[in-house]
Amino acid sequence: MSSSTNADEKKKESFNAEAASLLVNNLRATFASGTTRSYEWRASQLKALIKLCDAHEQQIIDALYSDLAKPPLETVAYEIAMFKNSCKAALKELKRWMTSEKVKTSIATFPSTAEIVSEPLGVVLVISAWNYPFLLSLEPVIGAIAAGNALVLKPSEIAPATSSLLAKLLGEYLDNSCIRVVEGAVDETSALLQQKWDKIFYTGNGRVGRIVMAAAAKHLTPVVLELGGKSPVVVDSNIDLKVATRRIIAGKWGCNNGQACVSPDYIITTKDYAPKLVDSLKAELEKFYGKNPLESKDLSRIVNSNHFGRLTKFLDDEKVSGKIVFGGEKDESKLRISPTILLDIPRNSLIMREEIFGPLLPIMTVDKLEESFDVINSGTKPLAAYLFTINNRLKEQFVMNISAGGLVVNDTALHLAVNTLPFGGVGESGVGAYHGKFSFDAFSHKKAVLYRSFLGDAPVRYPPYTNIKMRLLKALVGGGLLGIIRALFGLS
Amino acid sequence: MEINGEFLEETVRELRQYFRSGSTRSVTWRKNQLTALLDLVHKNEDAISESLYQDLGKHPVEAFRDEIGAIGKSATYSLSCVEKWMAPKKSDIPLLFFPAKGEVLAEPLGVVLIFSSWNFPIMLALDPLIGAIAAGNVVVIKPSEQAPACSSFLANTIPRYLDSNAIRVIEGGAAVSQQLLLHKWDKIFFTGSPRVARFVMSAAAKNLTPVTLELGGKCPAILDSLPNPSDFKLAVKRIVGGKWGPCSGQACIGIDYVLVEEKVSSHLVELLKKIIRRFYGDNPIESKVISRIVNKQNFTRLCNLLKDPLVAASIVHGGSVEEKHLFIEPTILLDPPLDADVMTEEIFGPLLPIITVNKIGESIEFINSRPKPLAIYAFTKDETLKRRILTETSSGSVTFNDTMVQFLCDTLPFGGVGQSGFGRYHGKYSFDTFSHEKAVMHRSLCLEIEPRYPPWSKFKLEFLRLAYKLNYFGLLLHILGLKRYK
C-alpha cells in the first residue's frame with residue numbers, strides 16, 4: 001500500500017466548502033441534462049458495478065484485510081457476494097420499479113385517473129461506515145443509481161485502504177460526470193454537509209447522525225440514518241442449544257468480530273439456563289476458532305487503537321471485574337481482543353450502557369424470561385433484536401412488544417440478506433430503511449399525478465354558494481352514490 | 001392555563017406512560033377514537049364554521065368543502081381500512097433460508113407532535129391526527145395561534161370526544177412551540193413555512209426524531225391554448241376556483257401564478273374578469289364568499305407586494321384593499337417583473353400573476369429554474385406536453401386539467417419535494433407516516449447449513465458463493481462433490 005504523497009495531501013487539503021460547492025453544481029448540471037434518467041444509463045452503471053466486483057475481487061479482499069484483517073471468506077460472502085446479489089436483483093427489477101403505479105380514484109374526483117410516478121430526487125450524498133466499508137458504501141449507491149440520481153460517495157476514512165480502492169475503482173468503472181467519490185475525514189465531510197443535497201444517506205453512529213440531520217435541516221434535505229444500538233438476544237430454555245449457540249456466534253464474532261450494527265450486543269437468559277448457555281458457547285467457540293482465538297485468522301481485528309481503547313475500558317470497569325467467564329485476552333500491538341463472555345453483569349455497568357461494537361458478549365440473567373422485555377424496553381430502541389425459543393406465545397409477545405428496526409426469531413443478523421424486508425432503525429437506531437425496492441424508494445420522490453378531463457364539472461364547487469349546492473357538496477365529499485342521488489333530488 | 005416547562009414535561013411524561021400501557025395499540029381503541037372524531041365533526045359543524053368565519057372569514061360552503069367534509073371523508077376512510085393496515089404484510093423469503101417466514105409489521109412510533117398551520121386550521125390539525133390515531137400513537141397537537149378561534153375550538157372540544165390520556169391540544173405561539181421542541185418526540189409532523197420548518201427539523205435532529213414537513217411553494221398553473229372554447233372557459237373557471245376559492249389564495253396547493261402563451265393572454269384576462277364577477281359579484285368584499293387575509297402582518301406583506309411600481313403597473317384587474325376588514329380583492333397582474341417579490345416569494349394571497357411565454361413549452365424551463373413547488377397544474381390536451389411536464393419537472397404532485405382536487409384522493413400521497421417539503425400523508429400514507437415498519441423474520445432451529453460457520457475452508461467459500469447466487473442446482477452438485485471450484 002503506497003503511503004500518502006505530497007500530491008495526495010494537497011488534493012485532500014483543497015477539498016473545502018468551495019470545492020464541495022463546485023462539485024455539487026457540476027453534478028446538478030449533469031443531472032439537469034437528464035443523463036441519469038434513462039433506464040439504459042441506470043442499468044449500465046449497475047452492470048459496471050458487478051463487473052468491478054468480478055474483476056477486482058482480490059483487491060477488495062486485500063483492502064478489507066488491510067483495514068480490518070477481515071477474513072477473506074467474510075469479505076467474499078458478506079461484502080462482495082451480498083452486494084453483487086443486490087445489484088443483480090436491482091437490475092432484474094429495475095424496469096418494474098421505474099414503472100408508474102396506477103391507483104384507484106373515488107367518486108369525489110370522478111371522472112379521473114391517477115398514478116404515482118417515481119422520480120429521482122436529484123443529487124444525493126452517501127456517507128458510509130468503516131465496518132463493512134465496501135458493502136455499506138455501495139449498497140446505498142445501488143438505490144441511488146437505480147432511482148436515477150447523481151451522487152457523491154464519502155467512504156469512511158477509518159477504513160483507508162477500502163476508501164482508496166473505492167475512489168479508484170468507481171472512477172474507472174462508473175460515469176464520472178454523475179458519480180463521484182470524495183475521500184477524507186471530518187473536514188471534507190463538513191464541507192460536503194454544508195452543501196444542499198436532495199437526500200443524504202448516512203450509516204454510522206448516533207452522535208454523527210445528529211450532526212448530519214442538523215446540517216440537512218438547513219436545506220430541508222430528507223435523510224436516511226442507519227445507526228446502531230444494543231441489539232439484544234433473548235435466549236429461552238428448551239431449545240436446540242447447539243444450533244442457537246452457533247447462530248449467536250455467527251452473528252456476533254462471525255460478523256466482523258462483533259463490529260457490526262446488527263451484531264448481537266448482549267444476551268438475556270434465565271439464571272437457571274445461563275450456565276448451560278455459557279458451556280455451549282465455550283464449546284462451539286473452540287470449534288470455530290480453535291484453542292487460541294486471539295490468533296485465529298477467521299476473526300477480524302479491532303479496527304484501530306481508538307476502538308481498542310474503548311473496548312478495553314469496558315473490561316476495565318470495576319463493576320465487571322470477576323465477571324469474565326471466557327476470553328478476555330488482548331494484544332494491543334495486533335489490535336486483537338479474543339472472544340470474551342461476561343456473566344451476570346450489572347445493568348449499570350459501562351458495557352450495558354453503550355453499544356459494544358466488539359467481541360465482548362455480556363450475559364444478563366433474570367429470574368423469569370418475561371423480565372427481559374422490560375430490560376430491553378427500558379433502553380433505547382435497537383437496530384435489531386433476537387429471540388431463541390420454541391414457545392409460540394413468547395414469540396408473539398416478543399414481536400408485539402419489542403420495538404426495534406428488525407426482529408429475528410431463532411437466528412441472528414440474517415434478515416440483512418433478505419432484500420424483501422426493509423432494513424432500517426427506529427428511534428435511536430435510525431430513520432428510514434433500504435435494501436431491495438426500499439433502496440429505490442429511499443432515493444425517489446413518489447409524485448402523485450391526477451388526470452382530470454373537461455367533462456363533468458360539478459357546479460357545486462363554485463360560488464355563488466347555495467343551500468342546494470351545500471347539500472350536494474356534502475353528499476359528494478362524503479362519498480356514496482345514494483347520498484348524491486338523494487341530494488340531487490332534494491331528499492337529504 | 002399556563003403553559004410552562006413543568007406543565008409540558010408533565011404532559012409528555014403522562015402521554016409516554018399511557019403509550020407504554022399499551023392502551024392505544026388495540027384496533028378497538030383506534031376505531032373508537034376515529035368514530036369519536038367523526039362524531040365531533042358532525043355534531044359541531046356549526047361551531048367549526050363559526051370559528052373558521054371568525055378567523056378567516058371563510059364561507060360555510062368553503063368551510064365544509066375544504067375542511068369539515070374533507071375530515072369526515074378522511075376519518076371514514078381510515079375507519080374502514082385501519083384493521084387492514086394493521087395486519088402484517090408477508091414478505092417472500094428466498095428458498096435458501098427455508099424454513100423461514102418474513103413479514104413487515106407496522107407499529108406506532110409512540111409520542112407524536114403535530115404542528116398545524118392557520119389557513120386550514122381545522123383540517124390541518126385533524127387530518128394528521130387521524131393518521132396518528134390510526135397508527136396507534138399518543139398525540140400532542142399544537143394548533144396555529146394565528147387562527148385563535150379554531151385553536152380554542154380544538155382545545156375545548158377535543159377533550160370532550162377523544163381520549164385525553166392519549167390526545168392533548170396545547171395552545172400558544174412561538175414560545176410554546178419552542179418549549180415543545182425541547183422535548184423528545186417519536187415523530188414531528190409539521191405543516192407551515194420553510195423558515196419555521198428548518199427550525200423544527202434542527203430541533204428534531206437533537207433527538208434523531210423523524211419529521212414530515214408539509215410546506216408550500218409557488219404552485220404554477222400552465223394553461224395551454226385549448227382549441228375548444230368551452231374547454232378553455234372551463235379551464236379558466238377552474239383556475240379561478242383554484243386561486244381564490246381556497247382561503248383567498250392562502251393555500252399551500254393553491255395556484256400561485258399562471259403561465260400562458262402571449263397570444264391568448266388577453267382572452268384569458270377577459271375571461272378571468274368575467275368569471276370573477278360571476279362568482280364574487282361586482283363588489284367582492286360584500287359577497288362574503290372570499291376569505292379575508294388572516295392578519296395584519298400578512299395583509300401588509302401582500303400590500304407591499306403591490307407597492308412595487310412596476311408591479312402596480314402590471315395590475316389589469318382589482319388591486320383595491322380594505323384594511324379594516326383585512327380584505328384584498330381578487331387581483332390579476334399581467335407580466336409583473338420576474339425579480340419582484342411577487343414573483344420570487346410564495347404569494348399566499350389573492351394576487352394572480354399571469355406570465356406570458358412565446359411557446360407553452362417554455363413553461364417547463366420557467367418552472368425548473370425555481371424551487372420545486374408542492375403542486376403543478378396543467379391545462380392541456382397535448383399528450384406530448386403532458387409527458388414533458390411529467391418527466392421534466394419535479395413537484396409534490398401534478399394535476400392535469402383541474403386544480404386542488406388531488407387532495408381529496410385518498411389513494412394519492414400528499415406531500416412535497418425539495419423546498420416544498422418531504423414525507424407524505426392522506427389515506428394509508430397517513431397511517432404509514434406515523435408508523436415504524438418493523439421487519440420480522442422467523443427461522444426454525446432445525447435444518448442447519450454447516451458452511452455458515454468457521455473454521456473457513458475453500459468448500460465453505462464456494463458454498464456461500466453459490467448460495468448467494470441462489471444457484472440451488474449448483475449448490476446441490478457442490479454438496480454432492482460434483483462441482484469443481486477454484
Side-chain angles (χ1 to χ4, degrees), chain A residues 71 73 76-77 81-82 85 103-105 108-109 114 117 119 206 209-210 213-214 217-218 220 222 239-240 243-244 246 250 288 298 399 403 406-411 414-415 418 420-422 426 428 431 445-454 457 461-463 465 470 473-474 477-479, chain B residues 59 61 64-65 69-70 72-73 91-93 102 104-105 107 194 197-198 201-202 205-206 208 210 213 231 234 241 279-280 289 390 394 397-402 405-406 408-413 417 419 422 436-445 448 452-456 461 464-465 468:
Chain A
L73 187 137
V76 172
M82 226 167 98
N85 223 28
V103 295
K104 285 203 324 235
T105 54
T109 54
V117 172
E119 58 178 36
R210 283 167 169 79
M213 190 168 166
K218 296 200 172 79
L220 297 172
I239 55 171
D240 186 332
V243 174
R246 300 171 101 204
F288 284 17
D298 289 338
V399 171
S403 184
L407 304 176
V408 186
V409 175
N410 291 332
D411 214 318
L414 218 61
H415 60 307
V418 179
T420 50
L421 288 172
V426 63
E428 280 294 313
V431 172
H445 166 54
K446 301 290 180 172
K447 185 159 73 178
V449 184
L450 184 67
Y451 297 88
R452 292 265 293 158
S453 79
F454 291 101
D457 200 32
R461 288 169 59 174
Y462 310 109
Y465 298 132
M470 175 64 130
L473 197 62
K474 287 194 179 191
V477 173
Chain B
H59 189 283
V61 171
F64 181 84
R65 182 196 67 205
K73 178 187 69 62
S91 298
D92 284 329
I93 306 280
V104 178
L105 182 63
E107 57 177 35
R198 284 189 185 85
M201 190 171 167
S202 301
K206 297 198 175 81
L208 297 170
L213 304 175
D231 286 346
L234 183 55
F279 285 0
Y280 309 119
V289 163
L390 263 188
S394 182
S397 65
V398 178
T399 299
F400 289 107
N401 299 329
D402 208 338
V405 287
Q406 74 272 23
L408 284 177
C409 199
D410 292 305
T411 49
L412 282 176
V417 65
Q419 291 297 295
F422 57 81
H436 165 53
E437 302 212 306
K438 186 165 72 180
V440 182
M441 189 175 177
H442 290 267
R443 290 261 294 153
S444 145
L445 288 169
E448 259 299 65
R452 272 181 76 176
Y453 309 113
W456 300 131
L461 178 55
L464 287 168
R465 266 190 220 279
Y468 268 108

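Chain letters run A, B, ... following the sequence lines, proteins first and then strands; every chain starts at 1. The figures here come from the full heavy-atom set of this structure, side chains too, leaving out hydrogens, waters and symmetry mates.
A:V449 touches chain B through backbone and side chain together, each having a heavy atom under 4.5 Å away. Using a 4.5 Å cut-off between heavy atoms, B:L105 contacts chain A through its side chain alone, with no backbone atom that close. Heavy-atom distances place both the backbone and the side chain of B:F400 under 4.5 Å from chain A. For a residue to count as touching a neighbouring chain, one of its non-hydrogen atoms must lie under 4.5 Å from one of that chain's; by this rule B:Q406 touches chain A with backbone and side chain alike. With a 4.5 angstrom heavy-atom cutoff, A:K218 touches chain B only via backbone atoms. Interface remark: A:T109 contributes side-chain atoms only to the contact with chain B (heavy atom separation under 4.5 Å). Both the backbone and the side chain of A:H415 come within contact range of chain B, judged by heavy atoms closer than 4.5 Å. Proximity to chain B (any heavy atom under 4.5 Å) is shown, for A:E428, by both the backbone and the side chain.
Under the 4.5 Å side-chain criterion, counting only non-hydrogen atoms from C-beta, B:L464 is not in contact with A:V76. In this structure, the side chains of A:L421 and B:V104 come closer than 4.5 Å at one or more pairs of heavy atoms. Counting heavy atoms from C-beta on, the side chains of A:N410 and B:S444 never come closer than 4.5 Å. With contacts defined as side-chain heavy-atom distances shorter than 4.5 Å, the pair B:M441/A:L407 does not qualify. Residues B:R443 and A:L414 have side chains in contact (heavy-atom distance under 4.5 Å, counting atoms from C-beta outward). Looking at B:H442 and A:V399, their side chains come closer than 4.5 Å, going by heavy atoms from C-beta outward.
Residues meeting the side-chain hydrogen bond (donor to acceptor under 3.5 Å, both in side chains) test with B:D410, sequence neighbours left out: B:K73. For B:S91, there are no side-chain hydrogen bond (donor to acceptor under 3.5 Å, both in side chains) partners at least two apart in sequence or on another chain.
A pairwise comparison of heavy atoms in B:S394 and A:H445 identifies OG-CD2, 4.5 Å as the closest pair. For the residue pair A:P463 and B:Y280, the shortest heavy atom distance occurs at CG-CE2, 3.7 Å. What you find for B:L213 and A:L220 is that their closest heavy atoms are CD1-CD2, 3.7 Å. Minimum heavy-atom separation, A:D298 to B:P454: OD2-CB, 4.0 Å. Closest of all the heavy-atom pairs between A:V243 and B:Y453 is O-OH, 4.5 Å. Across all their heavy atoms, A:P422 and B:E437 have their closest contact at CG-O, 4.2 Å.
In this structure a side-chain-to-backbone donor-acceptor pair under 3.5 Å is missing from B:S397 to A:K447. A donor-acceptor distance shorter than 3.5 angstrom exists from the side chain of B:N401 to the backbone of A:R452, with no hydrogens or angles considered. No side-chain donor-acceptor contact under 3.5 Å links B:S202 to the backbone of A:A214. Side-chain atoms of A:R210 come within 3.5 Å of backbone N or O of B:K206 as a donor-acceptor pair.
Among the candidates B:D402, B:V289, B:V405, B:T399, the residue making the largest number of heavy-atom pairs closer than 4.5 Å to chain A is B:D402. Highest contact tally toward chain B, considering only A:K446, A:K104, A:M213, is held by A:M213 [criterion: heavy-atom pairs under 4.5 Å]. Among A:P222, A:G406, A:A250, the residue with the largest count of heavy-atom pairs under 4.5 Å with chain B is A:P222. Each of B:P413, B:G241, B:G72 has some count of heavy-atom pairs under 4.5 Å with chain A, and the biggest count is that of B:P413.
Aromatic ring orientation, A:Y465 versus B:H59: tilted (interplanar angle from 30° to 60°).
Put simply, NE2 on B:H436 and OG on A:S403 are 5.5 Å apart, with the number rounded to the nearest 0.5 Å. Rounding to the nearest 0.5 Å gives a distance of 4.5 Å between OH of A:Y451 and CG of B:L390.
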